[in-house]
Amino acid sequence: MDTPQIPNLNDIFAYVDEHAQTFLARLIDYLRRPSISAYGEGIGEVAEYIAGVMRQMGLTVRIIPTSGWPMVFGEYNVQPGATTVLLYGHYDVQPPDPLEAWTSPPFEPTIRDGRLYARGVGDNKGQHFAQLMALETLLACRGTLPCNVKVLLEGEEEVGSPHMPEFISAHRDELQADLVIVSDGPVHENGQSTISLGVRGVLDVELRARGAKRDLHSGHWGGIVPNPLWTLVHLLASMKNERGDITIDGFYDNVQPLTELERQALAKLPIDVDEVKRTLDLQHLDEPQERDYFERLAGWPTLTINGIHGGYGGPGSKTVLPHEAVAKCDIRLVEAQTSEEILAKVKAHVQSHAPEVSVTSYGGMDPSKTPLDSPYTEPLRQAINAAQGTAPLLVPAKGASLPNYVFTKTLGIPAFGVPYANPDEANHAPNENMEVARFFIGIKTGAAMLSYLGARS
Ligand SMILES: [Zn+2]
């Protein structure tokens, strides 16, 4: 590889500044159009609309049906063999309810105090629209793109991406790229930009214990009939100890320890643990207490009891011996655990500790991690620095879950999260917003990333 040239982007950044108001007006037009995947409102129209925007820019675009809402896929090829970047986003949005909590209506985009308020502005229309305007800017200034680009916009992200895994498998060849960039979610809590390289996976597990066929009098039947709530309490206690270790047999077998590089990056992430404790009115963090804050999120799996139900929980007392008890749990997974492997281990554990308890799973998502020393990390870091004037923080893995494994595992390419939204974007909530300046910075960053990636090939 030749020494990469440092791209001169002055004309690009000037173009974005000159056209800022037009870009903003076009984003507002996009945001006026509801595309609510939960019940399908506007989905087909918005897929057509954004496909039209991409076509007008010169991309080859297809709307590809799935057994749910369609995918919008566009490409612009400059030259075979050049670096190929896949940009992923989603054109669907969350339902806007509760409507009365919005200061201005969710589909009437409004600017107040430098922020644009509208459902989907941060999550995710404002972010992938910034990527598209970056392509338009590069095409306007240079007549071509610095690398091959593919754009994939999903219509079901807000309902859990149920068709992404099969879609990615089925279109593996068309989607093949050297890397994928996902601009979704917020920057770091302190406002600094980030590159995130991983996400935890998640597995839902429901444990159901049955006793007698109906609720019974605890005096007449207590001591005779087993109590399913106790069965669950003992079972759950056998799955995690007081020190915070998950004690399901073989649970940690495939956990990949954090690398030295990852530890160094995690140590650089700003956090005020005392402030977190104050804000949440906590006496201490979860066990083990000595573990570092970001290491907990990036490097460790969890077992969370989301709820445990059975018997009577109303006012006063009721001396009942319940006939059934249910515990809902989620397990956050880290590289290289898989949801399939962990579900099998949970089932084996339940089989040996409480075989009468049934285990049901509503599904899982594998974790994903791109190595910090990927050859694309440095050009992306430099590009963000060039566009924003400060270098981004590197986040080896985030605590929450996204289906990024479809890129890193199914497609086998590195995945980089480069979010543009402000930390208080209020996504999924009333008054969702994006700082207008962040939208413009997003366009510049998108153009810079493609330019730096193009320069290294
Ligand atoms: Zn969302």
Side-chain angles (χ1 to χ4, degrees), residues 27 30-43 46-47 50 66 68-72 87-99 101-102 106-107 109 115-132 151-165 167-168 180-189 194 196 198-202 204 297 330 332 362-365 367-368 395 397-407 415-435 438-439 442:
L27 172 61
Y30 185 25
L31 291 167
R32 278 187 208 287
R33 301 157 193 272
S35 46
I36 305 165
S37 46
Y39 40 88
E41 185 185 340
I43 284 282
V46 168
I50 199 65
T66 69
W69 307 128
M71 302 277 178
V72 179
L87 300 169
Y88 163 85
H90 63 91
Y91 67 85
D92 65 322
V93 303
Q94 283 278 321
D97 313 84
L99 285 176
W102 287 76
F107 297 106
R115 289 170 188 245
L116 178 55
Y117 288 84
R119 170 53 87 229
V121 62
D123 187 9
N124 167 261
K125 286 175 172 167
Q127 303 207 43
H128 65 255
F129 202 74
Q131 306 289 43
L132 295 180
V151 180
L152 178 65
L153 300 179
E154 189 194 348
E156 297 184 309
E157 199 273 349
E158 299 295 8
V159 290
S161 302
H163 298 100
M164 269 293 270
F167 177 84
I168 300 283
V180 59
I181 299 175
V182 180
S183 291
D184 201 2
V187 298
H188 195 76
E189 293 90 87
T194 57
S196 64
V199 287
R200 286 196 290 197
V202 64
D204 289 299
L297 295 171
D330 77 55
R332 297 283 166 174
Y362 297 102
M365 206 184 266
S368 166
V395 184
K398 290 190 158 190
S401 305
L402 291 168
N404 285 7
Y405 75 92
V406 300
F407 303 119
F416 298 88
V418 183
Y420 296 157
N422 30 288
D424 54 354
E425 62 170 322
N427 47 340
H428 297 210
N431 300 312
E432 180 174 354
N433 68 88
M434 187 168 175
E435 292 167 13
R438 288 192 182 274
F439 170 60

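Atoms within each ligand, like the ligands themselves, are counted from 1 in listed order. In this chain, numbering begins with 1 at the start of the sequence shown. As the structure is a prediction and not an experimental result, all values here were calculated from the model.
Each protein N/O/S atom under 2.8 Å from the Zn ion (ligand 1) was counted, for a total of 4.
No side-chain donor-acceptor contact under 3.5 Å links Glu158 to the backbone of Val93.
Closest of all the heavy-atom pairs between Val46 and Pro34 is CG2-O, 3.5 Å.
Here Arg200 pairs with nothing under the side chain to side chain donor-acceptor pair (under 3.5 Å) rule; sequence neighbours left out. Shown here are the side chain to side chain contact (heavy atoms under 4.5 Å, CB included) partners of Ser196, two or more places apart in sequence or in another chain: Val395, Lys398.
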Self-check item: Chi angles and distances behind the side-chain hydrogen bond (donor to acceptor under 3.5 Å, both in side chains) call for Ser368, Asn404
Solution: CA-CA 6 Å; Ser368 166; Asn404 285 7; 5.0 Å; no
Return a table of donor-acceptor pairs under 3.5 angstrom between the side chains of residues 120-130 and protein atoms on other chains or two or more places apart.
residue, atom, partner, partner atom, Å
Asp123, OD1, His90, NE2, 2.9
Asp123, OD2, His428, NE2, 2.9
Asn124, OD1, His90, N, 3.0
Asn124, OD1, His128, ND1, 2.7
Asn124, ND2, Ser183, O, 2.6
Asn124, ND2, Asp184, OD1, 3.2
Lys125, NZ, Arg33, O, 2.8
Lys125, NZ, Ser35, OG, 3.0
Gln127, OE1, Asp184, N, 3.4
Gln127, OE1, Tyr420, N, 2.8
Gln127, NE2, Gly122, O, 2.9
Gln127, NE2, Gly185, O, 3.0
His128, ND1, His90, O, 3.4
His128, ND1, Asn124, O, 3.1
His128, NE2, Tyr30, OH, 2.7

